[in-house]
Protein chains: 2
Amino acid sequence: MGNTMGDTGQPRRRVTIREVAERAGVSVATASRALSGNHPVPTSTRTRVLRAARDLDYVANAHARALVGGGRKMAAVVVRQVTSPFYAQVAEGVEAEAADRGWLCVVGATGGDPQREMEFVQLMREEGARLVILVGGVVEDDAYRSRVAHYAQALAASGARLVLCGRPAPDPDIPALVVEFDNEAGARAVTGHLLSAGHRRIVFLGGLPGNTALDARVAGYRAALAEHGVPAAAGRVVDCGLGRAAGLRAMAELLKETREFTAVVAGDDMVAAGALRAIADAGLRVPEDVSVVGYNDIPLAEDFNPPLTTVRTPAEELGRAAVRIALRDPEQASGNHHVLGTHIVVRRSVASPRGA
Amino acid sequence: MGNTMGDTGQPRRRVTIREVAERAGVSVATASRALSGNHPVPTSTRTRVLRAARDLDYVANAHARALVGGGRKMAAVVVRQVTSPFYAQVAEGVEAEAADRGWLCVVGATGGDPQREMEFVQLMREEGARLVILVGGVVEDDAYRSRVAHYAQALAASGARLVLCGRPAPDPDIPALVVEFDNEAGARAVTGHLLSAGHRRIVFLGGLPGNTALDARVAGYRAALAEHGVPAAAGRVVDCGLGRAAGLRAMAELLKETREFTAVVAGDDMVAAGALRAIADAGLRVPEDVSVVGYNDIPLAEDFNPPLTTVRTPAEELGRAAVRIALRDPEQASGNHHVLGTHIVVRRSVASPRGA
DNA sequence: ATGAAAGCGCTAACAA
DNA sequence: TTGTTAGCGCTTTCAT
């Protein structure tokens with residue numbers, strides 16, 4: 001015990017191409033050519049080199065290779081946390097699309113901390129990532145704008161690309177791509193679904209003032225209310241933020257204060273999960289007493305009690321689209337804005353209000 | 001001026017330490033010393049260099065740095081898929097613990113394909129990862145054994161470490177660490193919970209013959225049956241494998257064939273989710289008509305209908321433990337075997353059988 | 001205190 | 001067809 005942390009006892013060196021060359025009785029240049037395969041090398045020597053490499057269990061040093069130019073393409077996805085079902089799906093989409101193209105994919109988690117986000121992007125710059133994908137809504141303040149403008153400029157300066165998933169570009173002219181869902185339309189649609197069922201007193205649970213994604217959903221919610229002739233005063237937005245715990249607590253408190261509503265639009269499915277639990281704890285039933293809808297249609301939303309009616313946002317496709325679009329056309333990659341469609345998934349958490 | 005090549009066209013090249021040095025009016029050696037900070041450099045020159053670096057938005061080339069020795073420590077986690085709640089939690093644990101130590105963490109998804117697993121490990125060798133963590137149960141055949149023996153030997157040869165999370169070491173002498181849960185004990189405990197409630201006809205849903213994790217759970221299930229004096233013939237194992245879809249279909253089929261059971265032990269929580277749905281579809285109720293227990297206690301298990309009684313496996317802690325242990329003591333890192341504790345979480349999916 | 005020079009492992013000219 | 005020679009960007013002796 002008591003060794004220097006992190007350092008291996010024996011500094012055993014990796015097998016280099018030089019040893020392979022020696023064993024095969026050729027120069028390193030020839031060995032390199034035989035190994036890479038894209039240069040004319042007679043079969044006899046090629047097999048000899050390949051054999052030597054196999055015998056020695058040689059793997060090329062990616063750093064040396066990167067240094068000289070032919071580095072492996074690397075993409076990076078940055079999310080709040082990988083345990084969020086929605087983010088996990090986006091990350092899986094990015095990873096899948098990247099893998100399909102032979103790219104390496106690195107996943108970074110920031111825990112929502114801008115500081116860690118900056119460090120991670122910096123790190124990716126050092127590692128020579130050619131594609132950085134930032135995922136998730138943010139509060140769009142000046143700090144955010146200058147941060148992202150800097151990322152974009154720095155990444156572009158070294159030929160890398162930046163894509164913003166579900167968050168806005170601070171300025172249409174910065175070299176960044178944005179791919180996102182139409183949050184407002186989605187929220188308008190689910191709220192409309194509730195309205196069509198006869199609900200009039202609907203609360204939005206999970207606002208997060210300043211956060212672009214949530215603000216848009218709130219806007220959609222309000223627009224739907226207006227379209228159906230419901231006075232704005234009849235609406236109510238509870239700004240509890242996202243997450244199951246937040247939804248649970250906020251819903252419990254709201255129920256203690258009033259029961260003057262018949263339906264709730266949750267900021268996302270996790271908030272809905274918490275709300276569902278709080279409603280049950282209060283002795284009410286969904287959808288008989290109150291209807292609930294969520295957002296995102298995470299994989300387990302249909303296993304909630306009751307199965308959740310929600311807005312399907314094809315998260316994996318968002319991830320795939322991000323890399324696909326970023327890699328498509330270098331010249332079009334700037335200022336581009338792509339919006340992916342969403343749709344409602346009707347399950348069993350919505351019914352007509354009592355007496356309707 | 002002072003640039004070696006015309007920088008008139010696309011700003012594709014990264015800023016190098018050389019440009020920083022020139023701008024600060026020092027040699028690259030001095031710039032390097034000032035930047036790294038661990039060498040005696042007068043404050044005046046240091047600030048000059050730092051300023052130049054900041055002005056140029058310089059970031060060191062990680063590849064060049066790695067090549068010369070002082071590379072960034074990198075850890076890699078390999079899972080089937082990041083969208084599995086359990087794997088996501090393990091990955092988050094690894095990433096958190098790695099980040100705490102200033103390590104970079106790469107997440108790889110194999111989709112369960114050994115071929116992709118091999119490619120990914122190879123890739124990590126090329127990138128110089130110092131720690132590779134393979135997560136999840138596997139079918140332990142000869143191919144697996146030789147594959148892992150090779151990983152272990154190759155990684156160790158270059159001073160890197162291999163840790164197996166929830167899967168066995170093919171041979172206690174290979175240089176690999178294993179960290180896992182006691183699957184048998186966990187399954188024995190939940191099954192015992194069911195038996196104590198009075199159940200005698202209990203089926204295990206989600207066997208996967210050859211898979212080490214599932215085989216152990218089945219063994220625990222059988223052991224519990226035996227301990228409670230239930231004849232082995234009264235037990236039944238449905239080998240439908242893992243995943244919600246598998247659990248849904250297998251449960252539906254089983255229900256069509258027989259209703260001679262009062263409880264089901266699911267291979268994991270996702271299987272339980274599918275089973276719950278199938279049971280409801282058949283017009284039966286949980287836990288009144290049939291009790292159900294899961295495995296892993298994924299974050300949304302308490303939102304199932306009804307909230308699921310299951311075995312809590314601290315997944316994030318598994319990930320953290322993997323890196324902590326691997327980095328602890330170089331000399332003890334071989335042949336070590338660590339087992340993390342689990343416990344039952346009682347919720348509402350279990351009741352006494354009718355007439356008990 | 002600082003600069004010149006020697007590589008790290010690899011690929012890509014350029015010769016032979 | 002092959003070997004020799006330059007570097008890629010950086011850190012680190014070894015001089016100064």
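- Atom pair A:His39:NE2 and C:dC10:C1' shows a separation of 12 Å (rounding to whole Å applied).
- A donor-acceptor pair under 3.5 Å links the side-chain atoms of A:Glu92 to the main chain of B:Thr83, judged by distance alone.
- Across D:dC10, D:dG3, D:dG9, the shortest atom-to-atom separation from the side chain of A:Ser27 is found for D:dG3.
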Check step by step if side-chain contact (heavy atoms from CB on, under 4.5 Å) holds for A:Arg14 and A:Asn61.
-> CA-CA 9 Å; A:Arg14 285 171 60 167; A:Asn61 182 320; 4.1 Å; yes
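- In this structure, B:Thr16 reaches the sugar-phosphate backbone alone: every heavy-atom distance under 4.0 Å involves primed, P, OP1 or OP2 atoms, never a base.
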Collect all protein-nucleotide pairs involving nucleotides 13-16 of chain C in which both atoms are nitrogen or oxygen and the distance is under 3.5 Å.
| residue | atom | partner | partner atom | Å |
| --- | --- | --- | --- | --- |
| C:dA13 | N6 | A:Arg33 | NH1 | 3.3 |

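- Taking atom CD1 of residue B:Ile17 and atom P of nucleotide C:dT2, one finds them 15 Å apart after rounding to whole Å.
- Smallest separation of non-hydrogen atoms from B:Arg48 and B:Ala24: NH1-O, 2.5 Å.
- A salt bridge links B:Arg23 with B:Asp55: the distance from a Lys NZ or Arg NE/NH1/NH2 to an Asp or Glu carboxylate oxygen falls below 4.0 Å.
- Atom CG of A:Asn38 and atom P of C:dC10 are 16 Å apart (whole Å).
- Heavy-atom distances to DNA chain C give each of B:Val26 and A:Val15 a nearest nucleotide, and the one nearer the 5′ end belongs to B:Val26.
- We find that CD of B:Glu22 is positioned 14 Å from C1' of D:dG9, with the value rounded to whole Å.
- Between the side chain of B:Ser84 and the backbone N or O of B:Gln81 there is no donor-acceptor pair closer than 3.5 Å.
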Check the pair A:Asp113, A:Arg80 against salt bridge (charged side-chain N to carboxylate O under 4.0 Å, His left out), reporting the backbone distance first and the verdict last.
-> CA-CA 8 Å; A:Asp113 180 5; A:Arg80 276 182 92 91; over 6 Å; no
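- Residue A:Ser32 places no side-chain N or O under 4.0 Å from the OP1 or OP2 atom of C:dA12.
- Between the CZ atom of A:Arg18 and the C1' atom of C:dT11 there is a distance of 16 Å, given to the nearest Å.
- Listed by residue number, B:Tyr58, B:Ala60, B:Asn61, B:Ala64, B:Arg65 are the residues of residues 55-65 of chain B with a heavy-atom contact under 4.0 Å to DNA chain D.
- Rounded to an integer number of Å, the gap from CG of B:Leu67 to P of C:dA6 is 17 Å.
- Of the charged side-chain nitrogens involved, at least one lies within less than 4.0 Å of a carboxylate oxygen, so that A:Glu117 and A:Arg147 count as a salt-bridged pair.
- Between the CZ atom of A:Arg72 and the C1' atom of C:dC10 there is a distance of 15 Å, rounded to whole Å.
- A salt bridge is defined here as a Lys NZ or Arg NE, NH1 or NH2 lying under 4.0 Å from an Asp or Glu carboxylate O, and B:Arg167 with B:Glu180 fails to meet this definition.
- Each ring-ring contact (aromatic ring centres under 6.0 Å, His included) pair with one or both residues in residues 27-68 of chain A, not counting sequence neighbours, appears once here: A:His63-B:His63.
- Across all strands, B:Ser36 comes closer than 4.0 Å to no nucleic acid atom at all (heavy-atom distances).
- To the nearest angstrom, P of D:dG9 lies 6 Å from CZ of B:Arg13.
- For the OP1/OP2 pair of C:dG3 and a distance below 4.0 Å, the side-chain nitrogens and oxygens of B:Thr30 include at least one atom meeting the criterion.
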